[in-house]
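In what follows, a structure is listed as structure tokens, so that the remarks can point back to it.
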Amino acid sequence: MRIILLGAPGSGKGTQGDLISGKYGFPKISSGDLLRQAVADGTPLGRAAEAKMKRGELVSDDVVIGMIKDRIKKEDCQKGYILDGFPRTISQALSLERMSPDGAEIVFDIHLDDQVVFDRISARRICSGCNHIFNLQLKAIGQREICENCGGTLIQRADDKPEVIKDRLKNYHEQRETLVVFYKEKNVYLCVEGDADRAKIFENICIFLDNKIAQAQRTTGTDDCL
Ligand code: AP5
Ligand code: MG
């Protein structure tokens, strides 16, 4: 089972990806997290990506495609995986088909207005220890900016500045339509309203996902997910 999360910056891909992973056990693969880790580690890949990420531009297709190809070969992805932030271009989507052409697939496109995106991203903090995603608006006032899961310090992402958010949104809107058409033609596309409570969004996703998993199990005659 391949689950793809599309959506604008700040639309909730990471948040829903974590919830799906927690319930269904598939690993969440965030291209942004992998790139940020490579930047922090100072790897050649990280050095190639850093300047573009700071400007809110897309990292080149070949760099990102190679990174995802290596990741989905790993043992924990054999039964399924969740892609958060990949593919972002039609070239990435076509490469993904070639990497793994068979098996069940479902694409959730989380829809959110640009103004709500701005508000959410401005209030976002990430745990520097476990990458858990927080929103300061949802934390009690006066609470210290410490991760409640691992005790790590909460930090703001370098690309979460208003001027960079604008460029990230521009790049997103330039690529979106082609990807949506591609997945609609494959008949795997579902649009999810993102301006709702996160638990409600997750509930809606689970309804579709449960159906898709049951359908995949009927097709293969096994209890395993593809
Ligand atoms: P990436 O890390 O993927 O960033 P993004 O797509 O811009 O998305 P975000 O991570 O900002 O948002 P999200 O949708 O995950 O939202 P979240 O759940 O955190 O990419 C970063 C950069 O890396 C790119 O700009 C590019 O340079 C490069 N890159 C990555 N992938 C690439 C690729 N494939 N090709 C080329 N370059 C690539 O939620 C946001 C906030 O809202 C949080 O605070 C959260 O707590 C809160 N929230 C979530 N849901 C709700 C809700 N329902 N109600 C209220 N608040 C909510
Ligand atoms: Mg994210």
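When a ligand or atom number is given, it counts from 1 through the structure's own listing order.
- Around atom 20 (O) of ligand 1, the closest heavy atom drawn from K54, E193, R88, M53 belongs to R88.
- Neither the backbone nor the side chain of I110 comes within contact range of ligand 1; no heavy atom lies under 4.0 Å.
- Evaluated for a side-chain contact (heavy atoms from CB on, under 4.5 Å) with L5, the options V192, I20, V107 yield exactly one hit, I20.
- Taking only nitrogen or oxygen atoms, main chain and side chain alike, L58 does not reach within less than 3.5 Å of ligand 1.
- Residue D33 has no nitrogen or oxygen atom sitting less than 3.5 Å from a nitrogen or oxygen atom of ligand 1, judged on distance alone.
- Residue-to-ligand polar distances keep S30 apart from ligand 1: every N/O pair is separated by 3.5 Å or more.
- Under the 4.0 angstrom criterion for non-hydrogen atoms, A8 is in contact with ligand 1.
- The proximity of R36 to ligand 1, defined as any non-hydrogen pair under 4.0 Å, is limited to the side chain.
- Checking side-chain atoms of D33 against main-chain N and O of N131 turns up no donor-acceptor pair under 3.5 Å.
- For atom 35 (N) of ligand 1, the choice among Q175, Q92, R120, E50 with the nearest heavy atom turns out to be Q92.
- For N171, no heavy-atom contact with ligand 1 is shorter than 4.0 Å.
- Proximity of Q16 to ligand 1, defined as any heavy-atom pair under 4.0 Å, is not found for any part of the residue.
- Checked against a 3.5 angstrom limit, the closest N/O atoms of G10 and ligand 1 fall inside it.
- Atom CD1 of I82 sits about 12.0 Å away from atom CD1 of I106, to the nearest 0.5 Å.
- If you look at V64 next to ligand 1, the close heavy atoms, those under 4.0 Å, all belong to the side chain.
- The shortest N or O to N or O distance between G14 and ligand 1 is below 3.5 Å.
- Contacts with ligand 1 closer than 4.0 Å are made by side-chain heavy atoms of L35 only, the backbone lying farther away.
- For R55, the heavy-atom gap to ligand 1 stays at 4.0 angstrom or more.
- Side-chain atoms of R2 come within 3.5 Å of backbone N or O of S100 as a donor-acceptor pair.
- The shortest N or O to N or O distance between S11 and ligand 1 is below 3.5 Å.
- Heavy atoms of F134 found under 4.0 angstrom from ligand 1 belong exclusively to the backbone.
- Between K13 and ligand 1, a contact under 3.5 Å exists for at least one N or O pair.
- The N/O atoms of D160, backbone and side chain alike, include none that comes under 3.5 Å of an N/O atom in ligand 1.
- Below 3.5 Å of separation, one finds an N or O of G12 facing an N or O of ligand 1.
- Only side-chain heavy atoms of R168 come within less than 4.0 Å of ligand 1; its backbone N, CA, C and O stay farther off.
- Residue contacts with ligand 1: A196 is placed with a nitrogen or oxygen under 3.5 Å of a nitrogen or oxygen of the ligand (distance criterion only).
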